[in-house]
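Nothing fancy with the numbering, it's 1 onward along the sequence.
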Amino acid sequence: MRGSRTGRPIMALLDLLGRRWTLRILWELRDGPLTARALRSACDEASPTVLQARLADLRQAGLLEHTAGRGYGLTASGTELLDAFMPLYAFAERWAGDKLNDATDAG
């Protein structure tokens, strides 16, 4: 298992998710499939080479699928993983709001 000499699944997953653009790709696909061009645009013009490498990694991991005419989309496992991130998303929204309120109170 890449990312883990011990074979621990969590270490392999963290290795995959820690690769540049991986989380962003998953996040951008949360509302449905996107073509490679639309995905590249959504990912702030990520390098086509890196984007294709990450898409291949995510497909190999079973988190993405490609459908002709629709583009790249999350598999059931990809959706489950993204659902697991939603509490982190909620925390980030609260955290950012707190930081904004702290800056406003200080000014």
#### Entry: Minimum heavy-atom distance Ala61-Leu16, with the two atoms named
CB-CD2, 3.7 Å
### Separation of Arg19 CZ from Asp57 CG (nearest 0.5 Å)
4.5 Å
### Task
Mind checking the CZ-CG spacing from Arg37 to Leu51? Nearest 0.5 Å is all I need.
12.5 Å
### Message
Determine whether a donor-acceptor pair (N or O, by modelled atom type, separation under 3.5 Å) exists between the side chain of Arg54 and the backbone of Leu23.
### Response
no
### Message
Please determine whether side chain to side chain contact (heavy atoms under 4.5 Å, CB included) holds for the pair His66 and Leu55, giving the CA-CA distance in whole Å, both sets of side-chain angles, and the decisive distance to 0.1 Å.
### Response
CA-CA 9 Å; His66 183 265; Leu55 291 171; over 6 Å; no
### Message
Show the nearest heavy-atom pair for residues Arg70 and Pro33, with the distance to one decimal.
### Response
NH2-CG, 3.2 Å
### Query
How many angstroms lie between atom OH of Tyr89 and atom CG of Leu82, to the nearest 0.5 angstrom?
11.0 Å
### Query
With sequence neighbours left out, which residue pairs that include part of residues 31-60 fulfil the ring pair (Phe, Tyr, Trp, His ring centres under 6.0 Å) condition?
none
#### Entry: CG on Leu74 to CG on Leu63, rounded to 0.5 Å
8.0 Å
### Message
Is there a side-chain contact between Tyr72 and Leu58 in this structure, where contact means two heavy atoms from C-beta onward sitting under 4.5 Å apart?
### Response
no
### Task
Return yes when atom CZ of Arg20 has more than 12 non-hydrogen atoms of other residues, nucleotides or ligands closer than 6.0 Å, and no otherwise.
no
### Message
So which atom in Gly62 and which in Ser77 form the shortest heavy-atom distance, rounded to 0.1 Å?
### Response
O-CB, 3.8 Å
### Task
Inspect the surroundings of CD in Gln52 and state if more than 12 heavy atoms from other residues, nucleotides or ligands are less than 6.0 Å away.
yes
### Message
Please check this pair: side chain of Arg40 against backbone of Ala46, looking for a donor-acceptor N/O pair closer than 3.5 Å.
### Response
yes
### Query
Is there a path of hydrophobic side-chain contacts, each under 4.5 Å between heavy atoms of I, L, V, M, F, W or Y residues, that connects Leu26 with Phe91?
no
### Message
Can you confirm if the aromatic rings of Trp27 and Phe85 lie within a centre distance of less than 6.0 Å?
### Response
no
### Task
Grab the two heavy atoms, one from Ile25 and one from Cys43, that are nearest each other, plus how far apart they are.
CG1-SG, 4.1 Å
